[in-house]
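Predicted, not measured: the structure shown is a model, and the values here were computed from it. Ligands are counted one by one from 1 in listed order, and the atoms in each one are counted from 1 as well.
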Amino acid sequence: MASLDDGSIHRRDQARSVNPIAWRIAQMNERVRSAKEQDLYLYLQPAEAVDGAYVTINGRRMLQFASYAYLNLLGHPRIRAAAQSALDEFGPGTHGVRVLAGTTRLHVDLERKIAEFKQAEAAMVLSSGYVTNLGVIAALLGRNDVVISDKLNHASIVDGCLLSRSKFVRFDHNDMADLEKALAEVPGRSGKLVVADAVFSMDGDIIDLPEVIRLCRKYDAMLMIDEAHSLGVLGETGHGILEHFGLEDGDGIDIKMGTLSKTIPAVGGYVAGRSDLITYLKHSTRAFIFSAALPPPAVAAAIAGFEVIEAEPERIKKLQSNVDYFIKGLQERGFNTLKSETPIVPIIAGSDERAWLMAKIAQEQDIFVMPIVSPAVPAGTSRLRANVMVGHSLENIEQAMDVFESAGKEVGVLPS
Ligand SMILES: Cc1ncc(COP(=O)(O)O)c(C=O)c1O
């Protein structure tokens with residue numbers, strides 16, 4: 001039992017008497033302050049310049065290994081020109097929601113382009129990928145439905161499932177037997193939605209799509225796949241996960257979701273699918289109906305982004321060869337990169353402290369990479385998440401791997 005003078009009772013009583021909201025704010029501020037004090041706070045660093053494979057922060061030009069610019073399209077002249085001309089024609093915003101005064105011909109063109117690119121009948125764009133998952137899952141499901149979600153799905157999917165107020169079931173990561181068990185347990189009359197990332201955003205591995213499709217058909221479930229990290233990345237021509245698995249008839253995924261903020265150098269999210277689905281969503285997704293339309297320059301940049309992916313397939317080929325080179329090189333140096341086979345490459349460090357320290361050492365040696373720590377990933381699997389891009393030369397990749405190796409040795413991730 002605690003003695004009166006060890007301070008614990010006093011602290012507990014103090015915690016109880018404090019407003020819980022104020023307590024939460026204070027806790028977070030304390031964590032941030034402590035990280036800053038130890039010089040380990042690496043978040044929210046403002047870039048002063050972004051050029052191709054490099055980023056300049058605090059006057060240091062570093063090799064970029066933390067971006068989602070997989071095909072390095074940000075500076076593409078065709079995309080810049082499209083954004084500029086939309087700015088000249090329509091201005092920087094729309095002053096309206098899509099259903100009322102916010103739709104321009106560019107929005108219609110973008111939705112048509114996405115539908116064509118994703119081999120779907122129609123598409124809908126929203127203000128971000130996060131909002132798309134939130135809004136679409138909530139619009140589709142009701143209290144008596146069941147949503148079945150991979151345990152490593154992105155936070156926006158999890159939040160969409162919670163917002164839907166349907167029964168939320170999670171299956172073990174990429175474990176098809178566990179998915180089947182979950183499907184078999186759903187009561188007969190409930191609506192069923194299975195949802196998964198195509199490429200998992202922390203581990204870089206790929207969902208077993210052919211098996212997921214087979215199970216969804218067997219149990220009459222709808223399937224939603226988030227292609228945030230597979231658009232422009234997977235498949236020989238970058239059309240995504242169906243192309244990757246040779247399922248090019250476009251069938252099997254009912255709700256094809258993706259973002260316009262990763263390979264596509266703009267902002268926004270989309271869903272593509274049958275036209276009756278999209279009509280339903282355009283008239284029932286609150287995040288679409290009650291939120292402003294995407295800015296025209298972003299819409300025009302997105303259209304041009306899809307066109308460039310189709311016009312320059314050599315970018316995808318080179319990206320895929322950079323991915324192979326990077327993963328093989330890291331594994332040869334002794335790193336655990338989990339089951340990644342995509343540009344998202346986890347370099348497992350173990351504890352949060354090791355991940356923070358490795359990232360800091362790497363940044364001091366001009367490699368901009370970020371740590372991912374618990375609770376974003378399970379405790380003990382904290383990591384660097386190193387994203388490789390088409391703009392990296394083999395020399396750039398070698399340079400980064402040398403830095404990761406020396407940092408890994410310094411913090412004890414690799415034997416020294
Ligand atoms: C798998 C996945 N889905 C959705 C999102 C959200 O997309 P956005 O950044 O466009 O809001 C992300 C963002 O990182 C993601 O990784």
Side-chain angles (χ1 to χ4, degrees), residues 43-44 64-71 73-74 110-111 114 118 123-138 147 149-164 170 173-174 193-207 209 212 223-234 240-241 244 253 255-272 285 287-288 291-295 297-299 301-302 305-306 338 340-346 369-373 375-377 383 385-389:
Y43 304 118
L44 296 167
Q64 172 67 276
F65 271 84
S67 168
Y68 302 125
Y70 303 123
L71 296 183
L73 297 185
L74 199 59
L110 175 58
E111 289 173 341
I114 292 170
K118 295 307 302 175
M124 163 173 100
V125 292
L126 295 97
S127 56
S128 77
Y130 179 90
V131 155
T132 303
N133 277 332
L134 212 65
V136 166
I137 297 172
V147 59
S149 164
D150 186 288
K151 274 194 181 156
L152 291 195
N153 276 346
H154 188 259
S156 53
I157 296 178
V158 174
D159 293 355
C161 296
L162 295 172
L163 185 66
S164 76
R170 301 193 318 151
H173 175 52
N174 223 349
L193 176 72
V194 172
V195 55
D197 287 356
V199 169
F200 289 88
S201 57
M202 297 297 165
D203 285 23
D205 54 344
I206 301 171
I207 191 78
L209 186 68
V212 174
L223 176 60
M224 174 168 177
I225 295 289
D226 176 337
E227 295 227 56
H229 300 280
S230 57
L231 179 80
V233 170
L234 289 188
I241 190 158
H244 173 81
I253 303 176
I255 303 141
K256 300 172 176 180
M257 181 272 166
T259 79
L260 307 173
S261 64
K262 305 205 187 312
T263 298
I264 301 290
V267 68
Y270 70 81
V271 273
T285 304
F288 181 81
S291 186
L294 280 173
V299 176
F306 284 101
L338 301 179
S340 172
E341 42 181 321
T342 68
I344 298 175
V345 184
V369 69
M370 290 297 275
I372 308 283
V373 299
V377 291
R383 63 197 67 182
R385 186 177 53 172
N387 295 344
V388 67
M389 309 185 291

Numbered atoms and elements of ligand 1 in range of Ser156, under 4.0 angstrom, heavy atoms: 3 (N), 4 (C)
Option of least heavy-atom distance to atom 16 (O) of ligand 1 (set: Met202, Glu227, His229): His229
Identity and separation of the nearest protein heavy atom to atom 5 (C) of ligand 1: His154 CE1, 3.5 Å
Donor-acceptor contact below 3.5 Å, side chain Asn387 vs main chain Ser67: yes
Check: Gly129 N/O within less than 3.5 Å of ligand 1 N/O: yes
Asn153 side-chain N/O to Asp197 backbone N/O, donor-acceptor pair under 3.5 Å: yes
Heavy-atom nearest neighbour in the protein, as seen from atom 3 (N) of ligand 1, with distance rounded to 0.1 Å: Asp226 OD2, 2.6 Å
Closest non-hydrogen atom pair, Lys256 against Lys118: NZ-O, 2.8 Å
Short side-chain to backbone donor-acceptor contact, Glu227 and Ala198, under 3.5 Å: no
CG-CE distance between Asn133 and Met257, expressed to the nearest 0.5 angstrom: 4.0 Å
Close approach of Gly269 to ligand 1, heavy atoms, under 4.0 angstrom: no
His173-Asp205 side chain donor-acceptor pair, cut-off 3.5 Å: yes
Residue and atom name of the nearest protein heavy atom (relative to atom 14 (O) of ligand 1), distance in Å to one decimal: Lys262 NZ, 2.9 Å
Donor-acceptor pair, side chain of Thr342 and main chain of Gly204, under 3.5 angstrom: yes
Per-atom contacts of ligand 1 with Asp197, taking only distances under 4.0 Å to non-hydrogen atoms: 1 (C)
Ligand-residue contact atoms, ligand 1 with Thr259, heavy atoms, under 4.0 Å: 7 (O), 10 (O)
Residue, atom name and distance, where the atom is the protein heavy atom closest to atom 10 (O) of ligand 1: Ser261 OG, 2.8 Å
Heavy-atom pair with the smallest gap, counting every atom of Arg385 and Val369: O-CG2, 3.7 Å
Closest to atom 6 (C) of ligand 1 among Phe200, Tyr130, Tyr270 (heavy-atom distance): Tyr130
Under 3.5 Å: donor-acceptor pair, side chain of Gln64, backbone of Ala66: yes
Atoms of ligand 1, numbered as shown, that sit under 4.0 Å from any heavy atom of Ser128: 11 (O)
Where ligand 1 meets Ala228 - atom numbers and elements under 4.0 angstrom, heavy-atom basis: 1 (C), 2 (C), 3 (N), 15 (C)
